[in-house]
Q: 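Structure in C-alpha cells, see below.
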Amino acid sequence: MSPKLKKLDKEFENIFIVQNDLKSPISEAFRTLRTNIRFSSLDKPLKTLLITSPIPEAGKSFVSVNLALTIAQNENKVILVDADLRRPVIHKIFEGNNKPGLTNILVEDKKIEEVIRRVSGIDPNLYYIPSGPIPPNPSELLGSNKMQEVIEELQKQADLILFDSPPVIAVTDTLVLANQVNGVVLVLDVGEVSRDVAKQAKILLEKVKAKILGVILNKVDMGSEGYYYYYYYDDERKKRRSQ
Ligand SMILES: Nc1ncnc2c1ncn2[C@@H]1O[C@H](COP(=O)(O)OP(=O)(O)OP(=O)(O)O)[C@@H](O)[C@H]1O
Ligand SMILES: [Mg+2]
C-alpha cells in the first residue's frame, strides 16, 4: 500500500485488495469479473455499470473500488461515481473530501472537470467523483434529466463508468438510476441475504427494465484460505448457451 493510501477508517483497512496483492485469489476473481463484464454485452460496448445489492452492507463499495482498480490496471480509463447519496464512502476510501462532487454538478451546474479526481499512488487510469454534499432528495436528483446528461457526458470521457449505489430495497435511488445505465451487477452477501430478498431485488430491477448482467456472491468463506471469494454468474451468456 502506498503511504498515501494508509487507512482512514478501520472498516476499510484492507479495501485496496487488488492493488496490494495481484496474485491473491481475490485479485484473480476480480480479473475474472472484469473479463466476464467485458464479454457480457457483445452487441454493444458496455460503458456504464451500476453496482448494487438488495440490502445494506453487502460489499457494494468494496466491489466498486476493487473492480474499478482492476479495470484501470488493464489500461482502461475508469470513472467511479459515488451515487450512494445516502451513505457515501468512496471519498473516505480514497482519503478525500466528498465535496465538491456529483450533487454539486446536479444542483449547482458545476462541471465534471471541477469535481473529478485522481488518487496519487493508485493507477492513473482510475478517476472518481465523490457524492458531493448529501441532499434531502437523492432519488429526485438521480432520476433527473440533468443526471442523464451527466451520464452521457461521462461516457465520452472514459472507457467505463462505474456507479456505486444504495441498496435496491427500501429506497428508489438505485431503481431510477438502473435503467439509465447499460448494466447492473448485484452483490449478494451470501451469509445475510435470503433467496426471497434477492429475488425481490431482481423483480424490482426488472420492473424498471434494468439489464442485470450477473450477481457476485460476496463474503464466501474460503475455509483454510480464510479469504472471501467472488463468483460472477453471467445470466446473458448462460441464456445464449442454452439457446
Ligand atoms: N469480499 C470482501 N472481503 C473483505 N471485506 C469485505 C468484502 N466485502 C465487503 N467487505 C467489508 O465489509 C464492509 C461493508 O462493505 P461495503 O461498505 O463495501 O458494503 P456496502 O454494500 O457498500 O454497504 P452500504 O450498504 O452501507 O453502502 C466493509 O468493511 C468492507 O471492507
Ligand atoms: Mg456502500
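Whatever order the structure lists ligands and atoms in, that order sets their numbers, starting from 1.
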Q: Are any of the N/O atoms on Pro167, whether in the backbone or the side chain, positioned under 3.5 angstrom from an N/O atom of ligand 1?
A: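 Not met; the criterion fails.
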Q: More than 12 heavy atoms of other residues, nucleotides or ligands under 6.0 Å from CD of Glu108: is that the case?
A: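 More than 12 within 6.0 Å, yes.
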Q: Tell me yes or no: between the side chains of Asp173 and Ser139, is some donor less than 3.5 Å from an acceptor?
A: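 Per modelled atom types, Asp173 and Ser139 side chains form a pair under 3.5 Å.
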Q: Give the numbers and elements of all ligand 1 atoms closer than 4.0 Å to a heavy atom of Pro56.
A: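 Ligand 1 atoms under the 4.0 Å threshold to Pro56: 25 (O).
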Q: What verdict does the salt bridge (Lys or Arg N to Asp or Glu O under 4.0 Å) test give for Glu57 and Arg87, after you've listed the backbone C-alpha separation in whole Å, the side-chain angles of each residue and the deciding distance to 0.1 Å?
A: CA-CA 11 Å; Glu57 294 189 14; Arg87 289 165 79 170; 3.0 Å; yes
Q: What are the atoms of ligand 1, with element, lying closer than 4.0 Å to any heavy atom of Asp84?
A: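 Atoms satisfying the 4.0 Å criterion: 27 (O).
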Q: Going by the closest heavy atom to atom 8 (N) of ligand 1, which one wins out of Asn66, Asn218, Asp164?
A: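 It is Asn218 that holds the nearest heavy atom.
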Q: So is there a nitrogen or oxygen of Ser165 less than 3.5 Å from a nitrogen or oxygen in ligand 1?
A: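 Not met; the criterion fails.
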Q: Checking side-chain contact (heavy atoms from CB on, under 4.5 Å) for the pair Ile151/Thr48: CA distance, chi angles, key distance, verdict?
A: CA-CA 8 Å; Ile151 296 174; Thr48 51; 3.9 Å; yes
Q: Would you check the N or O atoms of Val63, main chain and side chain alike, for any that come under 3.5 Å of an N or O of ligand 1?
A: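 No - when backbone and side-chain N and O of Val63 are compared with those of ligand 1, no distance drops under 3.5 Å.
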Q: At what distance, to the nearest 0.5 angstrom, does CD1 of Ile55 lie from CD of Gln200?
A: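 So the gap between those two atoms works out to 10.5 Å.
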Q: Looking at Leu67, Ile71, Leu49, Leu69, which hits side chain to side chain contact (heavy atoms under 4.5 Å, CB included) with Val78?
A: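 Testing each of Leu67, Ile71, Leu49, Leu69 against Val78, the sole residue satisfying side chain to side chain contact (heavy atoms under 4.5 Å, CB included) is Ile71.
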Q: Does either side chain, that of Gln157 or that of Glu113, offer a donor lying less than 3.5 Å from an acceptor on the other one?
A: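 On atom types as modelled, these side chains qualify, holding a pair under 3.5 Å.
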Q: Going by distance only, is there an N or O of Ser53 that falls short of 3.5 Å from an N or O of ligand 1?
A: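 Between Ser53 and ligand 1 (N or O atoms, distance only) the closest approach is not under 3.5 Å.
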Q: Which one holds for Arg87 and ligand 1: side chain close, backbone close, both close, or neither close, with close meaning a heavy atom under 4.0 Å?
A: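 Answer for Arg87: side chain.
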Q: Answer yes or no for Ser64: is there an N/O/S atom below the 2.8 Å cut-off from the Mg ion (ligand 2)?
A: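 Not a single backbone or side-chain N, O or S atom of Ser64 is under 2.8 Å from the Mg ion (ligand 2).
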Q: Please could you name the atoms of ligand 1 that Lys219 approaches to less than 4.0 Å, counting only its heavy atoms?
A: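 Once the distances to Lys219 are compared, the set is 8 (N), 9 (C), 12 (O).
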